[in-house]
There are 2 protein chains.
Amino acid sequence: MAVTLKLLAERTGKSITTVSRALAGYDDVSEETKELVRRVANELRYTPNFLARSLQKRRSRTISLILPTVGPRFSDPFFSEFLTGVANMAAERGYDLLLSVQAPDEGEMELYRRKVSSGQVDGFVVVRTRRRDPRIEWLHKSQVSFVAFGRTENDADFPFVDVDGVKGMRLIGEHLIGLGHRRIAFLSSPSELLFVEHRLDGLRQAMAAHGLDPEEIRILPGDLTQKSGYEATVSLLDDTNPPSAIVACNDLMALGAMSALHERGVSVGSDIAVTGFDDIPMAEHAHPPLTTIHQPIYEIGRMVCEKLVRLIAGEELASRSKILEPRLIVRSSCGSLRKQSEQAGG
Amino acid sequence: MAVTLKLLAERTGKSITTVSRALAGYDDVSEETKELVRRVANELRYTPNFLARSLQKRRSRTISLILPTVGPRFSDPFFSEFLTGVANMAAERGYDLLLSVQAPDEGEMELYRRKVSSGQVDGFVVVRTRRRDPRIEWLHKSQVSFVAFGRTENDADFPFVDVDGVKGMRLIGEHLIGLGHRRIAFLSSPSELLFVEHRLDGLRQAMAAHGLDPEEIRILPGDLTQKSGYEATVSLLDDTNPPSAIVACNDLMALGAMSALHERGVSVGSDIAVTGFDDIPMAEHAHPPLTTIHQPIYEIGRMVCEKLVRLIAGEELASRSKILEPRLIVRSSCGSLRKQSEQAGG
DNA sequence: CTTGACATCCAAAACGTTTTGGTTTAGAGT
DNA sequence: ACTCTAAACCAAAACGTTTTGGATGTCAAG
C-alpha cells in the first residue's frame with residue numbers, strides 16, 4: 001500500500017541502505033544512483049514514514065505546548081496570535097507542534113513526563129508561568145529542552161522570553177500621574193501569576209518616583225476576564241471616593257471596566273481614565289480606544305520557538321533569556337492631551 | 001536509559017511478549033504475572049514508546065488541524081475556544097492534537113498529503129471551509145477520516161458540523177424589520193467563504209417574507225476584521241441616504257462598525273441599529289452590548305472532534321452531519337424594546 | 001498410557017527507518 | 001603480481017512495540 005524504502009529499492013534495483021543514503025545525500029552513493037533514486041521517489045510520491053524515522057533517530061522533530069486552562073472553556077485573545085507565531089516558526093524549522101490542554105493540577109506534571117518518555121516530543125514551550133512553577137522545576141531538573149514565555153521566582157537560570165512588565169506599568173503610571181491623576185485603582189488577579197506582580201510593582205515605582213505613597217493604590221482582585229473587570233469596577237463606583245484612574249492589569253479587564261463605566265453613565269476619558277496592558281486587537285477599536293502597553297505577541301511566539309529549536313539542536317544560545325522593551329500606546333481612554341488642555345482652559 | 005519492555009522483561013524474568021500482553025490485559029497471562037508486571041512497570045515508571053507503538057499499530061492516535069491563515073498574523077476570537085473544545089475532547093478520548101499553520105496555497109494540499117502518508121496522523125479537523133474546497137475533495141477521494149466545521153458547495157456527503165447561518169440571519173432580519181428598519185446595509189466578506197453567503201441569504205429571506213425587496217440590501221465588501229467593518233461604515237456615513245441598520249456578517253466587523261459610528265457621534269441603538277453574528281465574548285461587553293447570533297463554539301469543537309474520533313475508530317456515525325440551531329441574543333445595539341416604545345410615545 | 005483441553009508462556013517476525021561495519025570492484029602505485 | 005586506496009554498494013542490527021504461531025506443562029477423561 002504505502003510507498004516505502006523497500007519498494008523504492010525494488011524499483012531501482014538497489015538496496016534499502018543505498019536508497020536511504022541516496023535520499024539523505026551521503027557521498028558514498030554515486031551521482032547517477034542518487035539521480036535515479038530521486039526520480040523514482042518523486043514518481044511514486046515517496047514520503048518517509050515519520051514514526052519509523054523518529055523511532056530510529058530518537059528525535060521526533062515535534063515540540064509540545066501544554067495549555068494550562070482554568071475552566072473547560074477559556075478565551076484568550078493573545079492565544080491565537082502567540083500560537084500562530086510559534087506554529088509558523090516551527091514550520092519554518094521543520095518542526096511540528098503538538099497541542100494539549102491540561103488544567104494545572106496533579107495530572108499536569110504527569111502529562112509532561114509522559115510526552116517526554118514516550119519519545120513523542122523533543123521539547124516544550126511553557127506558557128503562563130507561575131511564581132513557583134513545578135513545570136519549570138521539573139523540566140530543568142530532567143534536562144528536557146524548553147523555553148518559557150514569562151519568568152518565575154525561583155532563580156534557576158532557564159531560557160525565557162518576557163516583556164518588562166515593571167517598566168511597562170511604570171510608563172502607564174508616569175503617564176497617568178503626568179495627567180494629574182492621584183487616586184488610582186489597580187485591577188489585579190491571583191498573584192500566582194508573576195507578571196501581575198511585576199505590573200503592580202511598576203505602578204508603585206511610578207508613584208514613589210513622584211513622591212506619592214504606593215500604599216494609596218487601591219487594589220481590587222480579579223481573574224483577567226472582562227467579567228471580573230466589570231464587577232470590580234461596579235464595586236468601585238459604589239464607593240464614596242472613587243478613583244480618578246483605573247489601571248487594569250490586562251486589556252480584557254480594562255474593557256470590562258469601561259463597560260461598567262458606560263453603564264453607569266461615567267464618561268471614560270473625561271470623567272475617569274482607564275488603562276490596559278497587552279494591546280490586544282480590540283483595544284484599538286474600543287470606545288474610546290484604550291491606552292495600553294503593546295506586547296509584540298506574534299514575534300514573541302516566534303522568538304520562543306526559535307530559541308527552543310536551537311536548544312534542541314544543541315546550539316549554544318547567545319542569550320538564554322530575552323526581556324523585551326514595552327511600548328506605551330497612548331489612545332484616548334485617559335483623555336487626549338488636547339482634551340486635557342481644553343478642560344484646563346475651560 | 002529509557003525504561004522499555006526489554007528492561008521490564010529482564011526485571012520480571014518474563015519474556016517481552018508476556019510483559020507486553022500482561023500490560024495490555026490479555027487473558028493468556030496469569031493473574032499473578034499481570035500483577036507482577038504491573039508492579040514493576042509502576043516502580044520503574046514505564047511509559048510505552050509512542051513511536052514504536054504507532055509504527056507497529058499503524059495508528060498514531062493523533063489528529064491534525066491545519067489552520068488556513070491568511071496573513072502571517074491573524075486573530076480569531078473564535079479560535080481559542082474552538083481549539084480548546086477540540087483539544088479537550090481529544091484528550092478525553094486519548095488522542096493528541098497536531099497543529100499546523102498553512103496559507104491556502106499550493107503548499108496546502110501537499111501538507112495534508114504528507115501528514116497522512118508519513119503516518120503521523122489518523123485524521124483531520126477541517127476549519128474555515130470554502131465554497132469549493134480542495135481539501136475536502138482530496139480527503140474524501142483519498143478516504144482519509146475527517147470532519148469539517150462548516151459546509152461546502154459540492155454535494156459530496158461528508159461529515160460536518162455547522163450552524164444554520166441562513167436561519168440565524170433570518171432571525172436577525174425579522175428582529176430588525178420588526179423594529180421598523182427598512183434601509184439595511186450588509187457588511188460582507190469575500191464570498192469564497194460559504195457561510196457569508198448563507199448569512200446574506202437569510203437576511204434576504206427575511207426581507208422577502210415581509211414583502212420587501214431583497215435587492216434593496218446594500219452590500220459592502222469586507223474581510224471579517226474590525227478594521228474592515230470600520231472602513232465600510234465610514235464609507236456608509238458619507239452617503240446621502242445612510243441605512244438605519246447595519247448587519248455585519250460577524251461580530252468583529254460589527255464592533256468595527258460601532259467604533260466608526262461612535263467616532264462620528266452617531267448613537268448606536270437609537271440613531272442606528274447594529275447587529276453581529278457569532279456572539280464572541282466581547283459582544284456582551286461592547287458599548288452598547290451587541291445584538292447577535294450565538295454559536296456554541298466550544299461545544300462545536302467538541303462535537304467535531306468526537307465525530308472524528310468515532311470515524312477513525314470505524315464506528316458508524318448515527319448522523320454524518322449536524323446543523324445546529326442558531327439562537328438570537330437581543331442586547332441593546334438595536335435599541336431596547338423599552339426605548340422603542342418610549343420613542344413611539346414621545 | 002494416551003489423548004485432548006487448557007493455561008501459560010515465548011521466539012520470531014513485522015512495522016519502516018537509519019546506522020554500523022563491512023564487501024566488492026577497479027584502478028593506481030610499487 | 002601484489003598491495004593500497006577509493007568508490008560504490010549492501011546485509012544486518014537497531015530503535016521499541018505488537019502480533020503471529022506456536023511450545024510447554026498440567027490435569028482430567030478415556
Side-chain angles (χ1 to χ4, degrees), chain A residues 1-38 40-41 44-62 94 96 114-122, chain B residues 1-38 40-41 44-62 94 96 114-122:
Chain A
M1 193 72 257
V3 181
T4 68
L5 285 185
K6 194 172 159 199
L7 183 62
L8 293 191
E10 282 166 17
R11 294 297 172 85
T12 55
K14 303 294 177 182
S15 73
I16 291 181
T17 307
T18 299
V19 172
S20 171
R21 296 181 74 84
L23 291 173
Y26 282 80
D27 56 7
D28 63 354
V29 180
S30 73
E31 255 329 305
E32 301 176 84
T33 306
K34 279 183 186 169
E35 200 45 58
L36 170 69
V37 170
R38 274 197 288 260
V40 175
L44 301 181
R45 293 179 145 273
Y46 167 74
T47 315
N49 183 298
F50 164 84
L51 300 163
R53 171 180 285 180
S54 303
L55 176 59
Q56 150 71 26
K57 287 210 158 185
R58 272 175 297 293
R59 277 288 165 82
S60 64
R61 286 196 86 86
T62 303
D96 278 304
R114 231 174 36 228
K115 288 271 173 267
V116 170
S117 63
S118 70
Q120 224 175 344
V121 306
D122 295 341
Chain B
M1 193 72 252
V3 181
T4 67
L5 284 184
K6 194 173 158 197
L7 182 63
L8 292 191
E10 282 167 18
R11 293 297 173 85
T12 55
K14 304 291 177 183
S15 73
I16 291 180
T17 307
T18 300
V19 172
S20 171
R21 296 181 75 83
L23 290 173
Y26 282 79
D27 56 7
D28 62 355
V29 180
S30 74
E31 253 332 302
E32 304 176 80
T33 306
K34 279 185 186 168
E35 199 45 58
L36 170 69
V37 170
R38 273 197 288 260
V40 176
L44 300 182
R45 293 178 144 276
Y46 167 73
T47 315
N49 183 299
F50 163 85
L51 300 162
R53 172 179 285 181
S54 303
L55 176 60
Q56 151 70 26
K57 288 209 158 186
R58 273 174 298 293
R59 276 288 165 82
S60 63
R61 287 195 86 86
T62 303
D96 278 303
R114 231 175 35 228
K115 289 271 174 264
V116 170
S117 62
S118 70
Q120 225 175 342
V121 305
D122 295 342

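Below, read A as the first sequence line, B as the second, and so on, with proteins coming before strands; counting in each chain starts at 1.
Distance A:L51 CG to D:dT18 C1': 14 Å, rounded to the nearest Å. Here the P atom of nucleotide D:dT17 and the CG atom of B:L23 are 10 Å apart, to the nearest Å. Atom CD in B:E10 sits roughly 15 Å away from atom C1' in C:dC10 (whole-Å rounding). The distance between atom CZ of A:F50 and atom P of C:dT17, rounded to the nearest whole Å, is 13 Å. The nearest whole Å value for the distance from the CG atom in B:D27 to the P atom in C:dC9 is 12 Å. A straight line from CD of B:Q120 to C1' of C:dC15 spans 16 Å, rounded to a whole angstrom. To the nearest angstrom, C1' of C:dA13 lies 11 Å from NZ of A:K6. Across the protein-nucleic acid pair, A:L5 atom CG and C:dT19 atom P stand 12 Å apart, rounded to whole Å.
In terms of position on DNA chain C, the residue among A:D28 and A:T4 whose nearest nucleotide sits closer to the 5' end is A:T4. Each of A:I16 and B:K57 was assigned the nucleotide of DNA chain D with the nearest heavy atom; the assignment lying further toward the 5' end belongs to A:I16. Residues B:R58 and B:V19 both approach DNA chain C. Their nearest nucleotides, taken by heavy-atom distance, put B:V19 toward the 5′ side. Summary of the strand contacts: B:Q56 and A:E31 both lie near DNA chain D, and taking for each the nucleotide with the nearest heavy atom, the more 5' one is attributed to A:E31.
Note on B:T17: every side-chain N or O is 4.0 Å or more away from OP1 and OP2 of D:dT19. Contact check, A:S30 against D:dA7: no side-chain N or O comes under 4.0 Å of OP1 or OP2. Within the structure, every side-chain polar atom (N or O) of B:R53 is placed at least 4.0 Å from both OP1 and OP2 of D:dG16. Phosphate contact (OP1/OP2 of C:dT19, side-chain N/O of A:Y26, threshold under 4.0 Å): present. In terms of phosphate contacts, A:T18 brings no side-chain nitrogen or oxygen within less than 4.0 Å of OP1 or OP2 of D:dC9.
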**Verdict with supporting geometry, B:V19 and B:Y46, side chain to side chain contact (heavy atoms under 4.5 Å, CB included)** = CA-CA 12 Å; B:V19 172; B:Y46 167 73; over 6 Å; no
**Request:** Let me see the working for A:N49 and B:L55 under side chain to side chain contact (heavy atoms under 4.5 Å, CB included), right down to the final yes or no.
**Result:** CA-CA 9 Å; A:N49 183 298; B:L55 176 60; 4.0 Å; yes
**Message:** Go through it in stages, so that I can follow the logic: the residues are A:L7 and A:R11, the test is side chain to side chain contact (heavy atoms under 4.5 Å, CB included), and I'd like the CA-CA distance, side-chain angles, deciding distance and then a yes or no.
**Reply:** CA-CA 6 Å; A:L7 183 62; A:R11 294 297 172 85; 4.1 Å; yes
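Put simply, the side chain of A:K34 gets close to the backbone of A:Y26: a donor and an acceptor are under 3.5 Å apart.
If you check every strand for non-hydrogen atoms under 4.0 Å, B:S20 touches a base. Contacts of A:K14 with the nucleic acid, taken as non-hydrogen atoms under 4.0 Å apart, involve only primed sugar atoms and P, OP1 or OP2. Note on A:R21: a base of the nucleic acid sits closer than 4.0 angstrom, heavy atoms only. Heavy atoms of B:Y46 sit under 4.0 angstrom from primed sugar atoms or phosphate atoms, though from no base atom. Within 4.0 Å (heavy atoms only), B:N49 reaches sugar-phosphate atoms of the nucleic acid but no base atom. As judged by a 4.0 angstrom heavy-atom cut-off over every strand, A:S54 is placed among residues making no nucleic acid contact.
Shortest non-hydrogen contact noted between B:L51 and A:G119 is CD1-O, 3.3 Å. Smallest separation of non-hydrogen atoms from B:S54 and B:S60: OG-CA, 3.6 Å.
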